[in-house]
Amino acid sequence: MIEFRGVSLVYPNGVLALRGINLRVEKGEFVFIVGPTGTGKSSLLKLIYREEVPTEGTVLVDGQDVGAIPPGEVWRLRRKVGVVFQDFRLLPDRTVWENIAFALRVTGASARQIRRRVPEFLELVGLTHRCDSFPSQLSGGEQQRTAIARALVTDPPILLADEPTGNLDPDTSWEIMQLLERINLRGSTVLMSTHDSEMVNRMRRRVVALDLTGIARDEQRAYYHAESVQR
Amino acid sequence: MLNPSSVEFLVLEALANIRRNRLMAFAAVLTAGVSLAVSAGFALTAIAVHRACEKLPQEFDMAVYVRRGTPPGKVSELKETIAALPGVASVTFISKERGWEEFKRSLGQEISMDDVLYNPALDSFKIRMADPRMSAEVQQRIRKLPEVDDILWRQSEVRFFMGLARVVGIAGAVATVVLFLGSAFIIGNTIRLGIYARRREVSIMRLVGARPSFIRFPFLLEGMLLAGAGAVLALLLIRLAGAYLEALTGDLQSITRFLDSGVAPWQLAVLLMSAGLGLGALSSYLSVRRYLKEGTAEAAAQ
């Protein structure tokens with residue numbers, strides 16, 4: 001589904017974000033990307049939805065070389081990949097319903113599809129009762145749930161979450177985590193970057209740990225830190 | 001490719017954009033209107049002056065004098081020959097008797113010609129040109145005819161006005177193009193500011209996989225609406241300026257009868273409207289394209 005082959009990323013200002021990354025994520029997997037700030041967690045996700053292009057190596061999504069997609073065709077890739085950010089990025093002057101419908105409207109969905117799918121995803125994220133609220137009237141957790149619904153409403157098989165609980169309190173973070181797990185169980189491949197060690201330890205999923213030299217650890221059913229540190 | 005709900009969304013989006021950025025939209029309509037009015041007004045004035053400069057030399061008649069003793073039959077042949085020359089509008093015969101009378105009358109009471117016992121005047125033709133640019137050539141060809149004694153024409157005046165017409169034509173065209181490009185730049189910049197104000201929407205559109213043409217469309221429509229409204233404003237301004245000038249020069253018919261651009265009001269409306277819409281579409285297309293190329297989805301959202 002997603003494959004990194006010897007990928008390095010150097011930003012134009014000379015900062016080395018990623019070095020020699022080799023990684024394979026199968027369809028339907030749930031993967032935590034962890035590591036200290038500056039080790040390239042966000043950059044790794046950006047390479048998947050082609051916000052960045054690798055300096056070396058190739059990134060494959062569904063067998064397609066992402067770096068080779070011409071700029072005018074990137075939209076096709078973006079429809080396969082939903083993205084959620086720490087700062088939610090909702091449109092402040094639109095309601096929850098409109099924020100979710102926006103993703104459908106701009107990808108050319110019909111009025112009927114919109115009427116059918118928006119309530120379905122409002123229910124999935126548990127916001128049916130808040131559909132007429134504006135983002136400023138929502139809690140952080142509700143805003144993130146709106147953002148998740150927006151990312152998924154167009155049915156992308158992959159969901160990338162870049163520190164989605166970074167701005168939330170522990171209880172709300174756990175709610176979001178459970179929502180992401182439910183989404184994973186529905187069949188979506190989920191990659192989530194995080195600093196939240198407690199959550200990673202509770203979930204016991206695959207953990208890819210980055211450090212300044214590249215991938216330091218890649219383990220199934222793992223903890224935030226290497227197991228030796230846990231004990 | 002687009003379903004009805006997408007079209008509705010795009011149109012509503014463009015209108016909402018205008019409503020949300022009312023002040024900027026107002027400024028864009030105003031600048032587009034004023035700059036279109038200035039460039040169109042300048043073009044109209046340039047055309048009118050150009051036409052006047054071309055028309056004025058038509059008022060200068062060319063006088064062709066017939067050699068003394070030419071038989072009347074030859075004189076009428078000569079008239080036909082001249083009338084057939086390219087660029088000649090009319091040829092009027094003035095007999096030597098009438099010519100002498102006119103000459104005497106032009107001297108007035110002060111000088112009496114009653115003592116002159118014979119008529120020194122020659123038969124002549126008054127030639128009016130349809131196309132004054134042909135004057136020099138026509139003059140050369142007439143001079144070669146054996147029955148012609150001499151030609152009088154205001155060569156330097158004709159040359160001056162023809163030259164002036166050319167200069168005004170070129171300067172007018174250049175100034176109009178420069179002013180038009182200026183308006184394009186202003187509208188494009190307004191659209192760019194609009195895109196910047198809505199960078200979050202644009203970034204989300206790109207993030208969820210909207211086609212580039214879909215992202216561009218509301219901005220193109222917005223640019224066309226703004227510039228179209230500007231064109232209407234420009235039309236209004238030009239009509240107002242025209243009415244004011246007419247009121248001002250009402251008593252100066254002798255001057256203003258020359259100043260006519262020959263552009264009908266409906267032609268001006270069609271021209272300005274198409275210029276406005278084309279201007280709006282082109283400048284917003286270039287702005288959006290540049291913006292989409294420069295800004296990445298995420299950088300734009302932050």
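None of the values given here were measured: they were computed from a predicted structure. In what follows, every heavy atom counts, from backbone to side chain, and hydrogens, waters and symmetry copies are set aside. Numbered from 1 within each chain, the chains take letters A, B, ... in sequence-line order.
- The CG atom of L91(A) sits 7.5 Å away from atom CZ of R200(B), with the distance rounded to the nearest 0.5 Å.
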Which is it for T107(A) and F214(B) under the side chain to side chain contact (heavy atoms under 4.5 Å, CB included) test, yes or no, and what are the steps along the way? CA-CA 8 Å; T107(A) 49; F214(B) 198 95; over 6 Å; no
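- Between V208(B) and V106(A), the closest heavy-atom pair is CG2-CG2, 3.5 Å.
- Atom OH of Y11(A) sits in a crowded spot, with more than 12 heavy atoms from other residues, nucleotides or ligands closer than 6.0 Å.
- Within residues 93-105 of chain A, the residues having any heavy atom closer than 4.5 Å to a heavy atom of chain B are D93(A), R94(A), F102(A), A103(A), R105(A), listed by residue number.
- Applying the side-chain contact (heavy atoms from CB on, under 4.5 Å) criterion to A16(B), with sequence neighbours excluded, gives R19(B), R20(B).
- Comparing V83(A), V74(A), V153(A), T154(A) by heavy-atom pairs within less than 4.5 Å of chain B, the highest count is held by V83(A).
- Taking every heavy atom of both residues into account, R150(A) and I204(B) meet most closely at NH1-CD1, 3.2 Å.
- Chain B is approached within less than 4.5 Å, heavy atom to heavy atom, by no residue from residues 28-45 of chain A.
- Residue-environment remark: CD (E123(A)) stays at or below the threshold of 12 foreign heavy atoms within 6.0 Å.
- Remark: R216(B) engages P212(B), S213(B), Y285(B), V288(B), R289(B), L292(B) in a side-chain contact (heavy atoms from CB on, under 4.5 Å) (not counting sequence neighbours).
- For L90(A), the part lying under 4.5 angstrom from a heavy atom of chain B is the backbone only.
- Each of M205(B), R211(B), R206(B) was compared with W75(A) under the side chain to side chain contact (heavy atoms under 4.5 Å, CB included) criterion, and only R211(B) meets it.
- Other residues, nucleotides and ligands place no more than 12 heavy atoms under 6.0 Å from the CZ atom of F185(B).
- Contact count against chain B (heavy-atom pairs under 4.5 Å) is highest for A109(A) among A109(A), P92(A), G82(A), P71(A).
- When heavy atoms are compared at a cutoff of 4.5 Å, E8(B) does not approach chain A at all.
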